[in-house]
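The basis for the numbers below is simple: all heavy atoms, side chains too, and nothing from hydrogens, waters or symmetry mates. Computed from a predicted structure; not experimentally measured. Letters go in sequence order (proteins before strands), and every chain restarts at 1.
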Protein chains: 2
Amino acid sequence: MAIFSKTCEYGIRAVFFIAHKTANGNRIGIKEIANGISSPEPFLAKILQDLSRKGIIQSFKGPHGGFYLDESSLSRPLSDIVEAVDGDSLFKDCGLGLKACSEINPCPLHNQFKEIRNNIYKMLNSTTIGAFNNELLTGIFSLKK
Amino acid sequence: MAIFSKTCEYGIRAVFFIAHKTANGNRIGIKEIANGISSPEPFLAKILQDLSRKGIIQSFKGPHGGFYLDESSLSRPLSDIVEAVDGDSLFKDCGLGLKACSEINPCPLHNQFKEIRNNIYKMLNSTTIGAFNNELLTGIFSLKK
DNA sequence: AGATAAAAAGGTATTAATATCATTTTAAAT
DNA sequence: ATTTAAAATGATATTAATACCTTTTTATCT
Ligand code: FES
Ligand code: FES
């Protein structure tokens, strides 16, 4: 099992891609995004639609339309995307699947999982969507394949 | 998304349960295990069958048969269960779903994920199946609901 | 040997995740 | 106004995860 769902993986990669491609105020179409992050286009369309409805990204219909990010979207933490797509179970649920994770009825790995979950959350919450725009432009980081 | 698949969650909980219930040399039946960890019995049967085939747990057919753990099984790390059930993708794969995680073609979160994956692996690899037998007997930890 | 109790094996059912397709709405350009 | 380019919507298809059921094999006990 991966940490995130496919939906979430594509979502994060797409948002990074949109961020660095529209930093200049342009918009970008679904085809170019799907191609840029090696994702199935119709599936990605659904994902971006959903992120747009939830206000994580912005979109504009019609000719010269496309997806983009406004200032406040660029400074959102990645944890917002994850919560919007996969929910908060990664940050809150018991790692061994107990109905509720709590100090009252803890599983044997409760303390260990608590720390791991916190690390994941801290990392995602302290990283913004726009954080890698420069590195993506210079090609240090990849979103493809 | 949870960290582990349901299969893996049930598997780990079941193995903990078997460990502390058979520390005295007894065997334990599928019904009692399923009940002890609140899992669907036929599904758990499949999982334990698989773990038994892979040598993670031991089983014995016929009357007074059941599942149990030998000495060497008790000292196995949890990472062995996870690898047997969910594979090693949690420890190796790119968090953003790139085909290969590598220093050559890293995703923007490569270094962050590397650390998180290492933490998870270290935790699972340094915890043995038998580690919580005492706490489970005294009821400090729970495997149910 | 026959009856019984247990896991193993194999097959089926259901549900959720992933992926695709066809149609509609929106806005711009002519 | 008409055409066109784009996302939004709604419907469908495929695949994988989860759950369940039936039959078979194995070992024990009488
Ligand atoms: S109870 Fe399992 S992680 Fe808290
Ligand atoms: S390339 Fe993404 S985690 Fe290494």
Point to revise | side-chain N/O B/Thr7 vs D/dA17 OP1/OP2, d < 4.0 Å | key: no
Check your understanding: Taking CG from A/Leu48 and C1' from D/dA6, how many angstroms apart are they, rounded to a whole number?
Key -> 13 Å
Check your understanding: Counting heavy atoms not belonging to B/Glu115, are there more than 12 under 6.0 Å from its CD?
Key -> no
Check your understanding: For the pair made of CD1 in A/Ile47 and C1' in C/dT20, what is the distance, rounded to whole Å?
Key -> 13 Å
Review point. Would you call B/Glu103 and B/Lys114 a salt bridge, taking side-chain N to carboxylate O under 4.0 Å as the test?
Key: yes
Check your understanding: Starting at the 5' end of DNA chain C and moving along, which residue's nearest nucleotide shows up first, A/Phe43 or B/Gly29?
Key -> B/Gly29
Practice item. Pick base, sugar-phosphate or nothing for B/Pro40, based on heavy-atom distances below 4.0 Å to the nucleic acid. Key: sugar-phosphate
Check your understanding: Within the structure shown, what part of the strands sits under 4.0 Å from A/Arg53 by heavy-atom distance: base, sugar-phosphate, or nothing?
Key -> sugar-phosphate
Exercise for review: Would you mind reading off the distance between A/Lys31 atom NZ and D/dA5 atom C1', rounded to a whole angstrom?
Suggested key: 9 Å
Review point. B/Phe16 and B/Phe132: aromatic ring centres closer than 6.0 Å?
Key: yes
Exercise for review: Please determine which of B/Thr22, B/Leu69, B/Leu51, B/Ile18 meets the side chain to side chain contact (heavy atoms under 4.5 Å, CB included) test together with B/Gln58.
Suggested key: B/Leu69
Exercise for review: Please state whether the phosphate of D/dA8, meaning OP1 or OP2, lies under 4.0 angstrom from any side-chain nitrogen or oxygen of A/Ser52.
Suggested key: yes
Study note, to complete from the structure: Separation of D/dA5 atom P from A/Ile28 atom CD1, nearest Å, is 18 Å
Check your understanding: Between D/dA27, C/dA9, D/dA11, which nucleotide gets closest to the side-chain atoms of B/Phe60?
Key -> D/dA27
Exercise for review: Would you mind reading off the distance between A/Phe4 atom CZ and C/dA17 atom P, rounded to a whole angstrom?
Suggested key: 16 Å
Point to revise | Side chains of A/Glu135 and A/His20, donor plus acceptor under 3.5 Å | key: no
Point to revise | Among D/dC20, D/dA27, D/dA7, the one nearest A/Lys61 by side-chain distance | key: D/dA7
Point to revise | Steps toward side chain to side chain contact (heavy atoms under 4.5 Å, CB included) verdict (B/Ile56, B/Asp50) | key: CA-CA 9 Å; B/Ile56 309 276; B/Asp50 186 51; over 6 Å; no
Exercise for review: Would you indicate what B/Ile30 reaches in the nucleic acid, counting non-hydrogen atoms under 4.0 angstrom: base, sugar-phosphate, or nothing?
Suggested key: sugar-phosphate
Exercise for review: Look at A/Tyr10 and C/dA19 and indicate whether a side-chain polar atom (N or O) is within less than 4.0 Å of OP1 or OP2.
Suggested key: yes
Review point. Roughly, in whole Å, what's the span from CD in A/Glu41 to P in C/dT18?
Key: 19 Å
Point to revise | Among C/dC21, C/dA7, D/dA5, the one nearest B/Phe67 by side-chain distance | key: C/dA7
Study note, to complete from the structure: Closest to the side chain of B/Lys46, out of C/dG11, D/dT4, D/dA27, is C/dG11
Point to revise | Length of the CD-C1' vector between B/Gln49 and D/dC21, whole Å | key: 13 Å
Review point. Does A/His64 have a side-chain nitrogen or oxygen under 4.0 Å from the phosphate oxygens OP1 or OP2 of C/dA29?
Key: yes
Check your understanding: Any idea which of D/dA19, D/dT26, C/dT18 is nearest the B/Lys6 side chain?
Key -> D/dA19
Practice item. Write down the distance between CE (B/Met1) and C1' (D/dA17), rounded to a whole number of angstrom. Key: 11 Å
Review point. Among D/dG10, C/dA8, C/dC21, which is the nearest nucleotide to the side chain of B/Ser59?
Key: C/dA8
